[in-house]
Each structure stands twice: as structure tokens, then as C-alpha cells.
J.: 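The structure is given below, and queries will be raised subsequently.
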Amino acid sequence: MRTINLPSGNSMPAFGLGTWRMGEHRDQCRRDADVIRAALDLGVRLLDTAEMYGEGGAEEVIGEAIQGRRDGLFLVSKLYPHNASRNGVIEACERSLRRLNCDTIDLYLLHWPGSVPPTQTFDAFHELQDSGKIVDFGVSNFNLCDLEGIPEPDQARLGCNQVFYNLAHREVEWEVAAWCRQRAIPVMAYSPLDQASALLRESALTVVAERHAASAAQIALAWLLHQPNIVVIPKSVRPQRIEENLAALDIELSAEDLAELDSAYPAPTQAVRLGMR
Ligand code: NAP
């Protein structure tokens, strides 16, 4: 599995499985745990979740699926902004760890910016690191003004900024991606398939896909993975699709492919805020 370096010197897989909408319904939890086990069997080593997903249900499903196979996995979870006070972060993390049924979260993120002063949140992140409950910390859905509000020494230590990013939504490229690149902070692209929207049926993408005997989803992922310091976390509850998505790691896009995609899905040319899902 290709890996990406974090500013801490640790590394994480460039491909992970998203788990939004998993663990939401009791009658689907067994299926969701089976999907995660199948993903691990296929070689997936990063799982992305949040206390928000299924109000803890997705973390519980992961906790069940990874029993006996935690070693070598990279777990990402996120806390609600309304839990971002110093004590709130510690308590939210401990609840997540209980649901995940493990001792450590590899990368713990603030899900989106809120109203709690960032110093409180980052002090709590340091305390969690000192006690070994998290390894790295980071943020999600942070625009440039939010990133600049992070206490200075912590700006350069962010394990990632997880943002809405796919061919049809390139807002991050306006200024956030460059800010991260200057500090070697990974960008983690969420909804990399644009939630299976019309994007996957558009001819600009399917023409390139045909050239590679690949699917549109694979090309959408390969386009993101072509860039340095990017992690993708597509979600699927179908092992066959997870296998298909993983194979995007092996697709090399040509200069012609990249130029065609760039012209069909141009980067922003004026100031724009990050989209959010
Ligand atoms: P996504 O990964 O872009 O798309 C998921 C959708 O695509 C599902 O409907 C899935 O259906 C379908 N799909 C998956 N593989 C496919 C393929 N090869 N061909 C066709 N359709 C395919 O959207 P997402 O779930 O919003 O984003 C991924 C993860 O990012 C989430 O699960 C979550 O972990 C994270 N996320 C974070 C935030 C944040 O605020 N930080 C926001 C949104 C998402 P099936 O399941 O039926 O295969």
C-alpha cells in the first residue's frame, strides 16, 4: 500500500475506506462489519470514521470488525465541534476509543471549525498524545482563515486537513491545498467520488476511463491520487467496488488524460470557500 508522510514523521496509507452511513441501522450493523472485514482482507489499511456517523454506530461496527486485527491498521476518527473544549475533547476521545474497542486512534480530527477557542482543542490534543490515546491530530473542513486561527506551532503539526475534494469540486485548490503543501500537511479527500453523483456518468470522465479499460470511479480516484500528499477515502458497502476502487492506485494517468480532465473540470479561478457534505 502506498503511504503518505505526516509532519510527525509517521506515515499513513494513501487509500482508506470511508464509513459515513455505516452503523446507522441496527439491522445493517452485521453487514457493515462484514464489509469492513472484507475491506481489510482486500488490503485496506486505513478506516475513516467519526463520532457523528450513526451517532457512534460506525465506530462500534469498526470496533467489532477489527477485533484481533488492529495491528497495522490506521484509524481516523473525528469529534464534533461542540465537544471541542479541553474536557470535551478528552471525553469524546475516550468514548470513541470504547466504541472502537482499542487503545489508540492514529489520527484524531476536529470535524469542522466551531466556536470553541482553538487553544482549548489543541491543548486537549496534546494531552491525548501524551497519554497515548491518539498518535496524531488534525482538522477537517478548514478554510485558510480557520487554519490561520490554529495556534502557530500546531499549524505545522497537523496530520491532515480532511476536505471535500473531487474532480467536480476543486475548491481546495484555491488556497488551502497550497497552504498544506508548503507545510507538507497531507490533504485527505472526502467524497472523492462526489457521492456517486452524475460525475461518474459524465462523458469527460468515461472517455478517459475507456482508454484505460477502467471505470469512471477508478479514474476519479486516480486523478486525486496522481497528486502528491493526497489520501482518498471512498466509501462503499460492496466488497467488489472496494476492490475496484483500490485498483485505482495502479492507474497512471497520461499528460493527455490530465489535460482533458483539467479542461472538463477546471480549477477555481477566483476566491472560493471549501464545499462541505
Ligand atoms: P464517496 O466516497 O464519494 O461516495 C460514496 C458513494 O459512492 C456510495 O453511494 C457508494 O455506493 C458509491 N460508490 C463507491 N464506490 C463506487 C464505485 N466504484 N462505482 C460506483 N459507485 C461507487 O462519498 P462519501 O461517503 O461522502 O465520502 C467518503 C468518506 O469520506 C465518508 O464515508 C466519510 O468517511 C468521509 N466524509 C467526511 C466528511 C467530513 O466532513 N469530514 C464529509 C463526508 C464524508 P455503495 O456504498 O452502494 O457502493
Side-chain angles (χ1 to χ4, degrees), residues 4-13 16 46-53 56 58-59 74-100 102-165 171-172 174-190 229-231 233 273-274 276-277:
I4 300 292
N5 288 330
L6 282 69
S8 63
N10 297 319
S11 61
M12 70 178 146
L46 183 154
L47 300 172
D48 176 75
T49 191
E51 62 172 337
M52 186 185 98
Y53 302 165
E59 290 180 327
F74 193 95
L75 295 183
V76 183
S77 194
K78 312 180 208 73
L79 72 136
Y80 275 121
H82 63 247
N83 286 334
S85 66
R86 183 160 183 148
N87 286 340
V89 174
I90 308 283
E91 288 166 13
C93 181
E94 286 170 351
R95 286 194 299 272
S96 286
L97 284 170
R98 274 197 296 278
R99 289 188 290 258
L100 289 164
C102 66
D103 301 326
T104 310
I105 292 170
D106 296 282
L107 181 54
Y108 196 43
L109 311 180
L110 176 58
H111 208 145
W112 62 89
S115 55
V116 175
T119 45
Q120 287 199 33
T121 312
F122 283 84
D123 282 353
F125 282 159
H126 296 154
E127 194 176 322
L128 288 170
Q129 273 186 320
D130 292 344
S131 60
K133 289 177 180 160
I134 66 170
V135 181
D136 279 285
F137 55 78
V139 293
S140 177
N141 297 301
F142 266 49
N143 281 282
L144 191 62
C145 57
D146 308 311
L147 292 164
E148 288 174 346
I150 293 171
E152 186 108 23
D154 289 320
Q155 291 182 11
R157 294 185 192 139
L158 296 174
C160 83
N161 187 11
Q162 184 181 115
V163 297
F164 181 43
Y165 188 23
E171 294 89 340
V172 65
W174 177 248
E175 51 192 8
V176 171
W179 189 95
C180 291
R181 210 167 29 247
Q182 280 155 14
R183 293 160 181 79
I185 294 166
V187 167
M188 191 178 286
Y190 77 68
N229 259 15
I230 289 268
V231 177
I233 49 168
R273 288 179 64 79
L274 289 174
M276 223 179 136
R277 282 291 179 273

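Nothing fancy with the numbering, it's 1 onward along the sequence.
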J.: Can you tell if the side chain of L6 reaches within under 4.5 Å of the side chain of C160, non-hydrogen atoms only?
T.: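 Contact flag for L6/C160 side chains = no.
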
J.: Mind checking the CD-CG spacing from E59 to L47? Nearest 0.5 Å is all I need.
T.: 11.5 Å

J.: Could you give all pairs that pass the salt bridge (charged side-chain N to carboxylate O under 4.0 Å, His left out) test and reach residues 107-120, with sequence neighbours left out?
T.: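 Listed by first then second residue: nothing to list.
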
J.: If you look at every heavy atom in A156 and P7, which pair is closest and at what distance?
T.: O-CB, 3.3 Å

J.: Do any pairs count as a salt bridge (charged side-chain N to carboxylate O under 4.0 Å, His left out) and have a residue in residues 102-112, sequence neighbours left out, and if so which ones?
T.: R70-D106

J.: So, using side chain to side chain donor-acceptor pair (under 3.5 Å) as the criterion, who are the partners of T121 when residues are at least two apart?
T.: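 T121: no side chain to side chain donor-acceptor pair (under 3.5 Å) contacts found.
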
J.: If the condition is side chain to side chain contact (heavy atoms under 4.5 Å, CB included), which residues does R95 pass it with, not counting sequence neighbours?
T.: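 E51, N83, E91, A92, R98, R99.
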
J.: To check you understand the geometry: which heavy-atom pair defines the closest contact between C102 and L75, and what is its length?
T.: SG-CD1, 3.8 Å

J.: Any side-chain heavy atom of L79 within less than 4.5 Å of one from H111?
T.: no

J.: N161: what forms a side chain to side chain donor-acceptor pair (under 3.5 Å) with it, not counting sequence neighbours?
T.: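 By the side chain to side chain donor-acceptor pair (under 3.5 Å) rule, N161 matches no residue at all.
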
J.: Quick check for you: to the nearest 0.5 Å, what is the distance between L144 atom CG and F142 atom CZ?
T.: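 The CZ atom of F142 is 12.0 Å from CG of L144, to the nearest 0.5 Å.
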
J.: Testing the basics here: between L158 and G138, what is the closest heavy-atom pair and its distance to 0.1 Å?
T.: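 Answer, listing the atom of L158 first, then G138: CD2-CA, 4.1 Å.
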
J.: Who pairs with F122 by ring-ring contact (aromatic ring centres under 6.0 Å, His included), at least two apart in sequence or on another chain?
T.: F125, F137

J.: Sequence neighbours left out, what pairs pass salt bridge (charged side-chain N to carboxylate O under 4.0 Å, His left out) with at least one residue falling in residues 117-127?
T.: R86-D123, R86-E127

J.: Could you tell me whether the side chain of N10 reaches within less than 4.5 Å of the side chain of D136, counting heavy atoms only?
T.: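 Yes - at least one pair of side-chain heavy atoms lies under 4.5 Å apart.
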
J.: If you measure from CG on L128 to CD1 on I90, what distance do you get to the nearest 0.5 Å?
T.: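 Going from the CG atom of L128 to the CD1 atom of I90 covers 4.0 Å.
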
J.: Find out whether D48 and Y53 are in side-chain contact, i.e. whether some heavy atom of one side chain is under 4.5 Å from a heavy atom of the other.
T.: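 D48 reaches Y53 side chain to side chain.
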
J.: So, do I4 and I230 sit near enough that their side-chain heavy atoms are less than 4.5 Å apart?
T.: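 No, every pair of side-chain atoms sits at 4.5 Å or beyond.
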
J.: Given 3.5 Å as the limit, does a donor-acceptor pair link the side chain of T104 with the main chain of G132, or not?
T.: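 Yes, T104 side chain to G132 backbone: donor-acceptor pair under 3.5 Å.
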
J.: Filter on ring-ring contact (aromatic ring centres under 6.0 Å, His included), then keep only pairs touching residues 75-96, sequence neighbours left out; what's left?
T.: Y80-H82

J.: Quick one: list whatever passes side chain to side chain contact (heavy atoms under 4.5 Å, CB included) with S131, sequence neighbours left out.
T.: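 K133.
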
J.: Restricting to non-hydrogen atoms, name the atom on N141 and the atom on D146 that form the minimum distance, rounded to 0.1 Å.
T.: O-OD2, 4.1 Å

J.: With sequence neighbours left out, what residues match F164 under ring-ring contact (aromatic ring centres under 6.0 Å, His included)?
T.: H169, Y190

J.: Side chains of V135 and I105, heavy atoms from C-beta outward: is any pair under 4.5 Å?
T.: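 Counting from C-beta outward, V135 and I105 never come under 4.5 Å.
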
J.: Which heavy atom of Q155 sits nearest a heavy atom of L147, and at what distance?
T.: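 Between these two residues, the closest heavy atoms are NE2-O, 3.5 Å.
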
J.: Without placing hydrogens or testing angles, list every side-chain donor-acceptor pair under 3.5 Å for residues 179-189, not counting sequence neighbours.
T.:
| unit_1 | atom_1 | unit_2 | atom_2 | d |
| --- | --- | --- | --- | --- |
| R183 | NH1 | W179 | O | 2.9 |

J.: Does any non-hydrogen side-chain atom of W112 lie less than 4.5 Å from one of L110?
T.: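 With C-beta onward as the side chain, the pair stays apart.
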
J.: Measure across I134 and C93 and return the closest heavy-atom pair with its distance rounded to 0.1 Å.
T.: CG2-SG, 3.8 Å

J.: Considering residues at least two apart in sequence or located in another chain, which fulfil the side chain to side chain contact (heavy atoms under 4.5 Å, CB included) criterion with P117?
T.: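 Counting only residues at least two positions away or on another chain, P117 forms a side chain to side chain contact (heavy atoms under 4.5 Å, CB included) with T119, Q120.
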
J.: Drop me the distance from S96's OG to K78's NZ, to the nearest 0.5 angstrom.
T.: 10.5 Å

J.: I'd like to check E175 versus R273 (side-chain heavy atoms, cut-off strictly below 4.5 Å). Are they in contact?
T.: no

